[in-house]
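See structure below.
Computed from heavy atoms alone, side chains included, the values below leave out hydrogens, waters and symmetry copies. Lettering follows sequence order; numbering is per chain, from 1. All values reported here derive from a predicted model rather than from experimental measurement.
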Protein chains: 2
Amino acid sequence: MELQDNAPKLRRKARGRPRGWDDKTAQNTIKSLDRAMEVFEYLSQAQGKALTELSDEMRQAPATVYRILVTLQGRGLVEFDHEEQVWHIGPQAFVIGSRFLRRTSLVERARPIMRKLMETTGETANLGIEKEGLVLFLSQVETHESIRAFFPPGTLSPMHASGIGKALLAHMDEDRLNRRLAAANLQAFTDQSITSPEALKKDLTTIRLRGFSVDNEEKTTGMRCIAAPVFDINREAVAGLSVSGPTSRVGATEVERLSRPVMEAARQLTLAIGGTVLSPQP
Amino acid sequence: MELQDNAPKLRRKARGRPRGWDDKTAQNTIKSLDRAMEVFEYLSQAQGKALTELSDEMRQAPATVYRILVTLQGRGLVEFDHEEQVWHIGPQAFVIGSRFLRRTSLVERARPIMRKLMETTGETANLGIEKEGLVLFLSQVETHESIRAFFPPGTLSPMHASGIGKALLAHMDEDRLNRRLAAANLQAFTDQSITSPEALKKDLTTIRLRGFSVDNEEKTTGMRCIAAPVFDINREAVAGLSVSGPTSRVGATEVERLSRPVMEAARQLTLAIGGTVLSPQP
DNA sequence: TTATATTTTTCATATCATGAAATAGTCTTT
DNA sequence: AAAGACTATTTCATGATATGAAAAATATAA
């Protein structure tokens, strides 16, 4: 885990909680700039296009798109390929974009999203990553209920008996998964625990298809857990978000209801860390 | 109603070598967009600034900077930190910027080669290219050791004090090298830094002859780095591969041992991108 | 050559970006 | 609590400048 948030210069004092300025009303946007950024964004996912292709597809005048590109080119944000006569994203865009990473950690980004997740579901929200074949719980926002699921941050837990763990396994590439399964022994913690590689693989397929995993009292009797994966820029599952609670509140019927907000939270966190959202498909 | 636009849009034939359009005259730039991009760029290297700090430092009207930021925020290119009331680069900038790497298959092709290089040497492997007289680090596979060399992707570094940089310089043609040396001032970062053009040229000759370069604590005291160039089809050095580690593990005697796998990895990457292998001779 | 496609430049027009200043919101001090 | 001191938004009048149409320039094709 990398937490490198070493703000040396104390900016201004942290204020309490501003209210009125919170929402940038977005009526103050600059139209021409927004259009230019639309071109920038479009080009980034449709690289190698000629000017007229771009202007056609974006329904903008060629002259306009041309000037936008030339301007961005001046700063290295886009690049013109002389051989092919087409446009690409430039190195400076990479340099600037990379500076995004030097700031906040996954945990910080997750915090507000987890808080909201806890509020909408009423259950404890958890964040975990994989570490050496185990799930490492990084952060938790606890429910107000008096019966709670509790994983102190720093807890390590086997992947096959954890909602987050299974969500991560479900998106692991075949090779790594097989090696993992060959090495690991699937310890039983309860009579619900998955102990055979075949059963686990079947569950993982289901998880991949529907987009979330369920820990059905597989680690602790009386506790259910619904988790969804968080992806990085390379579409790799790097973390998982979950809610967990006692079976008394989280019945089998609640699973469907709770899965929506969990998946939505995972989607939001994926976007917040600059990841690529993967729609639940095989 | 929208008119459908389902033309097959076959790419266009690669043209020979256009002459007249090569230089975008840069008189067609859009002023307001350029100013906005200046704010974007400035913010990226001075993150965590409040609106007025930015507008003061950039000598722009607060209202103008404000509208630029709000517009960019609308696309996630910048972000507003409500706690601190300051601005940062946003996740979408990272997403777009990262698409620069997709342009060439260099990074993709390099990835498995770098992983293997890291495993055989035990040290962090790096991939870099030249960008405007600097080395731009594109990708990294980190060692498992707890003491690591760390160049986050996106980092820029002077060429004369970098293993990859020197490997690239060593294969630059005489003219360009001389112009480069005339223009650049060879800044000293440590007492090992090469600061005279003569010394650098001599080192470059050595590098060309033996096929790899060594950064002997020239940028950072306590860090050594061994690098080799990657060539394209025209025998031009377009990238460099390196391993870097602390002097405690990478002693002067290790250099010889590590140089083999580095050169081999560079050779493999050269082949992987369809380049022409250049056997180490003048 | 001529014809066609694509990229630049020119130019007239009115859009809309701009900064000054007013207003609103927040923190600090009394 | 209220005033004072900042900072962030919004308003508004103005003209700078972004825009698209069309012409010119440059390339490809026949």
Rounded distance (Å) that lies between atom P of D:dA8 and atom NZ of B:Lys49: 13 Å

Gap between atoms NE2 and C1', on A:His82 and D:dA27 respectively (whole Å): 15 Å

A:Arg35 vs A:Arg67, nearer the 5' end of DNA chain C by closest nucleotide: A:Arg67

Steps toward side-chain hydrogen bond (donor to acceptor under 3.5 Å, both in side chains) verdict (A:Glu264, A:Gln268): CA-CA 6 Å; A:Glu264 174 57 20; A:Gln268 282 177 16; 2.9 Å; yes

Interatomic distance where CH2 belongs to A:Trp87 and P belongs to C:dT6 [whole Å]: 16 Å

Contact nearer the 5' end of DNA chain C, comparing B:Ala63 with A:Ala63: A:Ala63

A:Ile30 CD1 to D:dA18 P, straight-line distance once rounded to whole Å: 11 Å

N or O in side chain of A:Ser32 less than 4.0 angstrom from C:dA17 OP1/OP2: yes

Greater than 12 external heavy atoms within 6.0 Å of A:Arg148's CZ: yes

side-chain N/O A:Asn28 vs D:dT10 OP1/OP2, d < 4.0 Å: yes

Distance, rounded to the nearest Å, where B:Leu69 contributes CG and C:dT18 contributes P: 12 Å

A:Ser242-A:Asn126 side chain donor-acceptor pair, cut-off 3.5 Å: yes

Distance in angstrom units between A:Leu51 CG and D:dT26 C1', rounded: 14 Å

C:dA5 phosphate, OP1 or OP2, under 4.0 Å from A:Thr52 side-chain N/O: no

Check: B:Gln60/B:Arg35 side-chain N/O donor and acceptor closer than 3.5 Å: no

Phosphate OP1/OP2 of D:dT9 contacted by B:Tyr66 side-chain N/O (<4.0 Å): yes

A:Asp34 CG - C:dT15 C1' separation (whole Å): 16 Å

Ionic contact status for A:Glu119 with A:Lys116, cut-off 4.0 Å: no

Length of the CD-C1' vector between A:Glu38 and D:dT19, whole Å: 16 Å

Nearest-nucleotide pick for A:Lys31, side chain only, options being C:dT7, C:dC16, D:dT19: C:dC16

